[in-house]
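The model shown is predicted, which means the values in this text are computed figures rather than measured ones.
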Amino acid sequence: MKKFGSIVISALALTLIAGVATAALAGTNALTKDIIAQNNAATADAARRTVFAEAEAFEARTLTLDGEEIVYYAALKGDEEVGFVFTAVTSGKSAGLTVMTGVDTQGTVTGVAVTEDSETAGYIDKVTDGGLFDTLKGRTSTDGVDTVSQATKTSKGVLKAVDLALNYFEHIE
């Protein structure tokens, strides 16, 4: 019977510890969720400004294509719409390559940035250092764009994402 009592006391102690830890995590989440949301919004806005530097503001919009809703941003300068920013998720060497592409109203790429990835460490740097993003600026297509040596799959994933962005642009009304 003594052994049973110590098991019950241990179980109650673990339950109490788990409850306190859960309450602490819930409290921390409640206190920081707005700050985290603001930081995420600021990070996304900074990325949009990287791919479309000319814009003063961005306005969220949606496009329905093949039954899928795609959120994109209109790039605004004053009251004038000067372009768009699209985000596409593709696969490079690994799945989950998120690429943001700016496109002006003529369908020309204004900038490209990888905003999230699960690529092998250093591959995005190779693509950047290899000049792929700079090569894409000013283009209306990825036709004829060479991949970066030693980061071929990552380069192809970026090109596929830019192609998706240009395809989305073609379907804006």
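Side-chain contact between Asp117 and Thr98: absent, with no pair of heavy atoms (C-beta onward) separated by less than 4.5 Å. Looking only at side-chain heavy atoms (C-beta outward), Asp146 and Thr135 stay at 4.5 Å or farther from each other. Two residues are said to be in side-chain contact when any heavy atoms from C-beta on lie closer than 4.5 Å; Phe133 and Thr128 meet this criterion. Considering only heavy atoms from C-beta on, Leu166 comes within 4.5 Å of Val103 through its side chain.
Note that CG of Leu65 is 11.5 Å distant from CD of Glu170, once rounded to the nearest 0.5 Å. The line from OG1 of Thr22 to CD1 of Ile17 is 11.5 Å long, rounded to the nearest 0.5 Å. Residue Asp134 holds its CG atom at 10.5 Å from CG of Asp129, rounded to the nearest 0.5 Å. Distance check, rounded to the nearest 0.5 Å: NZ of Lys160 to NZ of Lys153 gives 13.5 Å. Once rounded to the nearest 0.5 Å, the distance linking CD1 of Ile7 with CG of Leu12 reads 12.0 Å.
By the rule that hydrophobic residues join a cluster once side-chain heavy atoms approach within less than 4.5 Å of another member, Leu132 and Tyr123 end up as members of separate clusters. Linking ILVMFWY residues whenever their side-chain heavy atoms come closer than 4.5 Å, directly or via other members, places Ile172 and Leu164 in the same cluster. There is no path of hydrophobic side-chain contacts, each under 4.5 Å, that joins Val89 to Tyr72.
Around the CD atom of Glu56, the shell of radius 6.0 Å holds more than 12 heavy atoms that belong to other residues, nucleotides or ligands. The local environment of NZ in Lys156 is sparse, with at most 12 non-hydrogen atoms from other residues, nucleotides or ligands closer than 6.0 Å.
Annotation for Val145 and Leu136: closest pair CG2-CD2, 4.1 Å, computed over non-hydrogen atoms. The two residues Ala95 and Ser91 have their closest heavy-atom pair at CA-OG, 3.6 Å. Ala161 and Thr101 get closest at one heavy-atom pair: O-OG1, 4.5 Å. Here the closest non-hydrogen pair linking Ser155 and Val148 is OG-N, 3.0 Å. The two atoms that bring Glu119 and Lys93 nearest to each other are OE1-N, 2.8 Å, heavy atoms only. Contact detail for Ala75 and Ala55: the closest heavy-atom pair is CB-CB, 3.7 Å.
Through chains of ILVMFWY side-chain contacts below 4.5 Å, Phe52 is grouped with Val51, Phe58, Val71, Tyr73, Val82, Val85, Met100.
Side-chain contact, Asp163 with Thr142: a donor N or O sits under 3.5 Å from an acceptor N or O.
A donor-acceptor contact shorter than 3.5 Å is absent between the side chain of Glu81 and the backbone of Leu76. No donor-acceptor pair closer than 3.5 Å links the side chain of Thr108 to the backbone N or O of Gly138. Under a 3.5 Å cut-off, the side chain of Thr115 and the backbone N or O of Val99 do not form any donor-acceptor pair.
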Run the side chain to side chain contact (heavy atoms under 4.5 Å, CB included) test on His171 and Leu63 for me, step by step, so that the C-alpha distance in whole Å, both residues' side-chain angles and the decisive distance to 0.1 Å come before the verdict. CA-CA 8 Å; His171 288 89; Leu63 165 70; 4.2 Å; yes
Go through it in stages, so that I can follow the logic: the residues are Thr62 and Ile70, the test is side chain to side chain contact (heavy atoms under 4.5 Å, CB included), and I'd like the CA-CA distance, side-chain angles, deciding distance and then a yes or no. CA-CA 5 Å; Thr62 58; Ile70 297 147; over 6 Å; no
